Amino acid sequence: MSIRLDTTVGALKLANPVLAASGTFGYGLDLLEFCPPESLGAIVTKGLSPRPRRGNPTPRIVETAAGMINAIGLQNVGVEAFCREALPELRARGAVVVVNVFGERMEEYLEVIGRCEGEDGLAGYELNVSCPNVTAGGMEFGHDPAPLERLTAMCRAATRRPLWVKLSPNAPDLVATARAALAGGADALTLINTMRAMAIDADARRPVLANGCGGLSGPAIKPIALRMVWEVHKALPGVPIVGIGGIETGRDVVEFLLAGASAVQIGTAIFRDPVAPLRIVAELESFCEEHEVAHVAELTGGLQWR
Amino acid sequence: MSIRLDTTVGALKLANPVLAASGTFGYGLDLLEFCPPESLGAIVTKGLSPRPRRGNPTPRIVETAAGMINAIGLQNVGVEAFCREALPELRARGAVVVVNVFGERMEEYLEVIGRCEGEDGLAGYELNVSCPNVTAGGMEFGHDPAPLERLTAMCRAATRRPLWVKLSPNAPDLVATARAALAGGADALTLINTMRAMAIDADARRPVLANGCGGLSGPAIKPIALRMVWEVHKALPGVPIVGIGGIETGRDVVEFLLAGASAVQIGTAIFRDPVAPLRIVAELESFCEEHEVAHVAELTGGLQWR
Amino acid sequence: MTHNGGGMIARRDLTVRIAARTDLSPTCFRFILETAEEIAAVPGQFGMVTCGAGFDPLLRRALSIAGVARREGVTRVELMVKEVGRGTNLLRHATVGSTLRLLAPLGNGFTLAPVEGTCLGLVAGGIGLPPVLFAAERLAARNVAFDLYVGAASGGELLDVERCRAAAIAVGGDLVLTTDDGSAGEHGFVTAALQRRLDGGQRYGRLLACGPNPMLAALTRLARERALAAELSLEEPMACGVGVCLGCVVELEDGRYVASCKEGPVFSVDRLAARWWP
Amino acid sequence: MTHNGGGMIARRDLTVRIAARTDLSPTCFRFILETAEEIAAVPGQFGMVTCGAGFDPLLRRALSIAGVARREGVTRVELMVKEVGRGTNLLRHATVGSTLRLLAPLGNGFTLAPVEGTCLGLVAGGIGLPPVLFAAERLAARNVAFDLYVGAASGGELLDVERCRAAAIAVGGDLVLTTDDGSAGEHGFVTAALQRRLDGGQRYGRLLACGPNPMLAALTRLARERALAAELSLEEPMACGVGVCLGCVVELEDGRYVASCKEGPVFSVDRLAARWWP
Ligand SMILES: Cc1cc2nc3c(=O)[nH]c(=O)nc-3n(C[C@H](O)[C@H](O)[C@H](O)COP(=O)(O)OP(=O)(O)OC[C@H]3O[C@@H](n4cnc5c(N)ncnc54)[C@H](O)[C@@H]3O)c2cc1C
Ligand SMILES: Cc1cc2nc3c(=O)[nH]c(=O)nc-3n(C[C@H](O)[C@H](O)[C@H](O)COP(=O)(O)OP(=O)(O)OC[C@H]3O[C@@H](n4cnc5c(N)ncnc54)[C@H](O)[C@@H]3O)c2cc1C
Ligand SMILES: Cc1cc2nc3c(=O)[nH]c(=O)nc-3n(C[C@H](O)[C@H](O)[C@H](O)COP(=O)(O)O)c2cc1C
Ligand SMILES: Cc1cc2nc3c(=O)[nH]c(=O)nc-3n(C[C@H](O)[C@H](O)[C@H](O)COP(=O)(O)O)c2cc1C
Ligand code: FES
Ligand code: FES
């Protein structure tokens with residue numbers, strides 16, 4: 001049987017539902033010999049700000065049980081360098097590129113989008129309104145429905161490209177923020193970003209991370225991410241969801257699709273295995289073969305409540 | 001050096017800061033040869049309701065990466081059977097017993113407390129307002145400050161014993177619920193209960209658990225629990241906190257104490273290792289020896305922000 | 001609700017050495033675990049075994065005790081394991097000579113007492129063999145008569161046939177082998193083979209069985225239809241194995257959920273709720 | 001920001017067999033990993049190694065390559081590991097004959113080119129030895145002169161002394177051993193021994209060093225004070241090893257944070273921010 005792996009996230013057609021997540025795949029060109037960006041459904045760039053950012057002091061990462069906490073602080077080369085240095089090669093390769101956007105103020109989101117609007121070969125935007133690391137960096141947008149709706153609407157007005165909003169699992173009311181993003185004109189919701197967490201060095205009596213707190217990712221959070229995807233899908237059926245959180249295998253992807261996602265992103269798994277996204281595509285295809293799923297899109301939302 | 005392990009949670013004096021958590025140590029008498037209840041700071045009973053409860057259908061548990069999800073559905077023998085059958089032996093052994101109380105309505109909490117007030121040898125109550133498994137079973141109290149304050153105040157009026165409120169990590173605003181519990185008269189806050197989570201059987205296209213969702217516990221959630229303890233401690237310094245979530249070692253205990261807890265509870269770790277709470281007391285003592293901590297209570301809140 | 005010490009035999013949580021591992025079939029292997037400490041167990045009791053060093057997998061795995069013997073200061077515990085997932089995969093690849101923790105014996109075993117005038121019927125399906133073989137060898141040692149029914153998916157998955165035969169022969173009983181695919185023994189389910197013997201007039205004072213749930217359901221129906229005494233060893237997912245998590249409950253006929261690690265894993269069919277014979 | 005293939009040498013993620021493990025000291029051991037595939041590496045490059053089967057520990061561990069050679073169709077990669085935590089503990093107890101994943105070679109190595117008129121100074125502290133010994137053996141093979149300084153906490157923790165000596169002797173260089181406790185070699189820190197030689201008039205065209213951070217800080221101060229060229233192999237906590245997580249950054253003198261797995265782990269001291277010579 002030949003399996004159809006293509007899917008759509010809103011109006012955006014993807015060759016397969018497996019994407020590389022923001023912040024875990026650089027600008028798409030670091031792992032060419034393991035995972036060429038054009039082989040994935042899409043790649044999501046490291047979060048881009050109008051100007052380059054240094055990020056947080058070190059230590060920035062710490063391993064936890066089946067997970068890790070990061071407080072990178074959104075270090076990035078800035079949208080200008082991205083457009084000039086990475087985008088041409090991505091475009092030449094035929095990669096589907098989603099730009100992950102963030103800013104400390106609403107205008108900064110618009111600056112990033114404005115700069116990108118001048119470029120061909122970008123598939124869409126993903127607004128990071130949920131980064132738990134930078135106090136001023138999106139926290140309020142992601143946690144409070146009213147400003148989130150305003151931010152989304154402003155960005156919506158600035159582009160006709162697909163606009164995704166990446167939700168924070170730390171938000172007081174996930175479904176309310178999801179509704180706000182949609183009310184603002186989002187085409188799809190990405191969930192989840194990392195979960196606010198902390199590690200302590202008992203000897204030093206200090207937080208391990210220079211930033212104090214950070215965001216938890218990896219298999220540890222998968223059961224929570226899956227629940228959140230399902231919860232948003234149930235509350236807002238028909239809304240395209242990009243699922244993310246601890247995905248390591250093709251079977252994990254199936255679970256997220258069943259819970260309501262149309263596509264998924266692979267984050268921390270890439271750190272363990274540079275070929276993870278491609279391996280996961282292959283595993284997903286095998287799963288579909290074994291279970292006689294002719295088209296992977298059939299799985300989306302296919303969970304039967306008991 | 002001889003280490004003082006005693007601590008206090010509000011007015012309650014405990015011989016050591018390591019308690020067995022509700023729902024993971026039965027009624028305290030199941031593991032006598034591994035972990036006699038009188039050897040711990042205290043034991044917290046399985047959640048007790050006015051009448052016996054059957055709990056949820058099976059499957060009720062599923063393992064996840066460094067964690068597990070449970071949806072036991074608060075099966076318990078009822079407060080009457082507890083007082084008649086388990087309490088006398090606990091009392092005879094000199095165990096410090098905290099009764100974990102829950103109900104589907106406020107009156108049920110009062111019924112449980114009322115029955116227990118007639119008994120000697122109970123150290124206090126812990127209100128479970130955060131169980132994510134029973135739709136009607138406390139969810140609203142734990143998530144909404146106003147009813148939580150009302151519930152706490154009613155229970156406060158019904159007893160002079162120490163009253164702890166066990167907070168839900170799923171609450172929209174952790175600190176707001178913490179404040180509500182204190183406004184209602186709680187002596188201490190226990191955090192955290194399990195995190196709402198889900199596992200999906202990809203082959204069957206159904207949730208693994210009969211209940212659909214359940215609560216995530218174990219090392220996977222430790223970094224989140226630690227962050228929450230620190231957050232509540234920072235917001236409400238001086239309020240006694242009982243920390244819980246993924247604690248497996250004496251070093252973990254130190255981390256929770258540094259983050260602001262006065263005592264901790266051991267839950268899922270007991271399933272891997274029936275002697276876990278006692279082992280952890282010993283490890284805690286060794287840590288204090290190595291680090292020249294004369295009195296374990298010195299550690300509480302000792303985290304230095306970087 | 002109170003203290004369960006596994007009956008008369010003390011539970012212990014011991015560090016045991018993997019003394020040997022041998023393949024029994026393409027999917028199953030035997031483990032011999034050794035310790036200088038004393039452990040005793042009766043057939044149907046089980047142990048909780050650690051697998052892996054980190055927190056993933058987190059929980060121990062429940063494994064029936066297939067035999068236990070003490071000689072020259074060393075206790076040897078035998079397990080028979082089928083690789084079905086990550087935990088059992090880790091066990092399969094654990095180094096011989098390395099150690100595990102074994103919490104045992106847990107739960108309540110089969111009733112091995114003879115029944116006046118009849119023999120016992122022992123029934124094992126697939127990896128349900130270990131407690132049944134343990135029972136067979138204990139019964140053989142006490143000279144209590146039984147027939148032994150052993151079923152598997154295919155001939156290659158019939159485990160330890162010679163030991164099964166030896167135990168049955170020792171008490172003059174029959175060993176009936178069945179395979180789902182007919183590649184060895186009688187063709188079809190082990191419960192069908194049992195039913196044919198019953199239809200042919202064979203009588204059993206008590207059936208003792210372990211195997212996959214569909215087999216146990218078929219056996220329960222059979223036992224209830226014909227009013228036969230029968231005890232089943234059930235496999236519920238377990239977190240603690242010692243009665244404190246309530247994850248492993250089995251529904252009884254009176255509607256109660258009881259911890260199968262503590263009140264079971266062996267249950268008499270007449271106590272079980274209707275879902276056991278749907 | 002774009003494609004980093006580890007210089008001229010292709011990175012690969014290979015399944016490698018643990019061919020041997022030998023103790024080097026109470027805390028350190030040597031690993032020989034084998035594969036039929038080709039891998040090349042230069043001194044200072046490292047690999048990311050899996051430890052354990054499950055998701056805990058989650059991440060690979062960064063280990064410097066201590067040597068690599070290909071003979072008769074087999075590539076042998078040598079690692080030297082100090083057990084400091086859970087990952088290295090699992091590596092220590094991994095079964096010889098079992099397999100790991102090794103992603104290598106990563107990062108940029110030391111500059112091995114000779115410097116007109118002087119020799120090189122190689123400095124290793126503790127488990128900083130592997131890249132330095134690899135450099136020493138490569139330099140010896142090319143007949144580039146160097147002195148080799150090796151320090152450890154105590155005599156028992158001096159690793160592979162005979163190989164160190166052989167490499168130094170091959171080019172007519174000195175092997176200087178130091179221990180913090182004076183139990184072998186010169187008493188005190190390895191940087192102090194170096195400083196004494198420098199004070200005595202010894203000149204080095206370039207220092208190459210790896211070791212604990214306090215040692216590297218001392219060396220950086222020394223090199224900057226005396227305007228010596230020096231390259232350090234740094235150890236930052238790493239998640240990916242390939243430049244995509246930005247967890248492992250090192251602060252440069254111009255204030256930028258750069259990924260040490262990609263732009264390092266070897267850095268020239270004159271590029272490093274002031275916190276390296278506090
Ligand atoms: C009382 C008892 C006795 C048992 N005796 C044996 C035996 O002698 N030999 C043998 O091979 N197996 C036996 N089992 C089944 C054995 O426990 C499971 O096959 C094993 O736990 C699977 O673990 P896994 O990680 O390989 O599989 P996974 O499917 O990866 O396990 C995932 C989770 O499901 C649980 N689980 C999966 N299958 C079962 C099952 N059949 N029963 C209970 N829990 C399960 C695991 O414990 C784990 O928590 C017994 C089970 C019980 C309850
Ligand atoms: C480029 C590079 C080369 C290295 N070469 C060697 C070598 O050849 N031999 C050797 O023994 N060690 C080497 N190290 C250090 C080695 O990576 C750590 O000792 C190891 O990761 C510790 O893991 P653990 O699980 O045993 O310790 P834990 O303390 O349990 O590890 C916890 C976490 O901290 C990280 N970590 C702990 N210590 C270090 C450290 N010193 N550097 C970086 N991360 C750390 C781990 O990767 C892990 O994520 C090197 C490190 C780097 C960055
Ligand atoms: C090191 C690191 C950096 C990240 N940077 C970003 C980022 O720049 N923008 C963003 O939206 N998410 C970022 N994330 C979040 C991931 O995209 C993802 O939402 C999260 O890690 C959960 O998925 P995972 O468990 O598969 O990693 C980052 C995650 C990690 C681990
Ligand atoms: C099987 C199980 C049953 C539980 N039952 C209760 C309960 O009855 N009442 C309660 O307040 N918490 C209950 N909990 C939550 C624990 O007390 C604890 O808050 C949670 O498991 C987190 O701690 P841990 O990671 O150490 O297990 C239960 C947890 C588990 C795993
Ligand atoms: S397995 Fe925990 S109660 Fe039975
Ligand atoms: S370790 Fe990930 S960027 Fe260096």
Side-chain angles (χ1 to χ4, degrees), chain A residues 20-21 23-35 46 52-77 81-82 84-86 88-90 208-209 214 217-220 222 246 248 267-276, chain D residues 1-6 9-15 47-62 85-87 101-104 106 213 234-252 254-263 273 275-276:
Chain A
T24 60
F25 200 60
Y27 305 101
L29 299 168
D30 280 304
L31 295 172
L32 293 180
E33 71 273 47
F34 298 111
C35 201
K46 174 73 194 163
R53 279 177 67 98
R54 296 180 76 210
N56 289 331
T58 57
R60 292 176 168 189
I61 53 172
V62 55
E63 194 184 50
T64 66
M68 61 177 281
I69 313 178
N70 86 80
I72 306 301
L74 293 163
Q75 173 174 349
N76 76 98
V77 295
F82 168 75
R84 269 209 316 257
E85 291 165 38
E89 184 169 351
L90 289 169
V208 175
L209 300 178
S217 65
K222 194 192 97 177
E248 290 273 348
T268 303
I270 297 173
F271 303 161
R272 290 163 55 83
D273 178 8
V275 82
Chain D
M1 153 172 187
T2 50
H3 177 42
N4 164 48
I9 309 172
R11 298 177 300 188
R12 312 191 58 181
D13 188 22
L14 296 175
T15 300
M48 294 291 287
V49 176
T50 55
C51 28
F55 293 130
D56 182 56
L58 183 69
L59 302 170
R60 297 191 189 203
R61 299 302 190 246
R86 290 183 45 222
R101 300 284 293 177
L102 169 71
L103 175 62
L106 301 174
N213 283 347
L234 302 182
E235 288 187 6
E236 289 295 322
M238 292 183 175
C240 72
V242 292
V244 297
C245 75
L246 300 181
C248 66
V249 293
V250 163
E251 192 177 358
L252 299 187
D254 63 9
R256 283 189 308 135
Y257 285 121
V258 298
S260 68
C261 64
K262 201 167 140 178
E263 299 210 15
R275 61 168 279 240
W276 284 97

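These numbers were taken from a predicted model, which means no experiment stands behind them. Scope of the values below: all heavy atoms of this structure, side chains included, with no hydrogens, waters or symmetry mates. Throughout, protein chains are lettered first and strands after them, A, B, ... in sequence-line order, and every chain is numbered starting at 1.
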Using a 4.5 Å cut-off on heavy atoms from C-beta on, say whether the side chain of C245(D) contacts that of I72(A).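 I72(A) does not reach C245(D) side chain to side chain.
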Measure T64(A) against the heavy atoms of chain D and call it side chain, backbone, both or neither at under 4.5 Å.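 Backbone of T64(A) only, per the 4.5 Å heavy-atom cut-off to chain D.
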I'd like to know whether T24(A) forms a side chain to side chain contact (heavy atoms under 4.5 Å, CB included) with V244(D), so could you lay out the CA-CA distance, the side-chain angles of the two residues, the decisive distance to 0.1 Å, and finally the verdict. CA-CA 5 Å; T24(A) 60; V244(D) 297; 5.6 Å; no
For chain D, the option from G267(A), G28(A), A269(A), P57(A) that forms the most heavy-atom pairs under 4.5 Å: P57(A)
Ranked by heavy-atom pairs below 4.5 Å to chain D, first place among A220(A), A66(A), G218(A), G26(A) goes to A66(A)
Name the region of M238(D), side chain, backbone, both or neither, that has any atom closer than 4.5 Å to a heavy atom of chain A. backbone
Without swapping roles, check the side chain of [X] against the backbone of [Y] for a donor-acceptor pair under 3.5 Å.
X: Q75(A); Y: Y257(D); answer: yes
X: R60(A); Y: V249(D); answer: no
X: E63(A); Y: P57(D); answer: no
X: R272(A); Y: L59(D); answer: no

Can you name the closest pair of heavy atoms from [X] and [Y] and give their distance?
X: F271(A); Y: C240(D); answer: CD2-CB, 3.6 Å
X: L31(A); Y: V242(D); answer: CD2-CG2, 3.6 Å
X: K262(D); Y: D30(A); answer: NZ-OD1, 2.6 Å
X: F55(D); Y: P219(A); answer: CG-CG, 3.7 Å

Taking it one step at a time, do R101(D) and D273(A) satisfy salt bridge (charged side-chain N to carboxylate O under 4.0 Å, His left out)? CA-CA 9 Å; R101(D) 300 284 293 177; D273(A) 178 8; 5.4 Å; no
Salt bridge (charged side-chain N to carboxylate O under 4.0 Å, His left out) between E251(D) and R54(A), worked out: CA-CA 10 Å; E251(D) 192 177 358; R54(A) 296 180 76 210; 2.9 Å; yes
How far does CG of L246(D) sit from CG of L74(A), to the nearest 0.5 angstrom?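 It is 10.5 Å, given to the nearest 0.5 Å.
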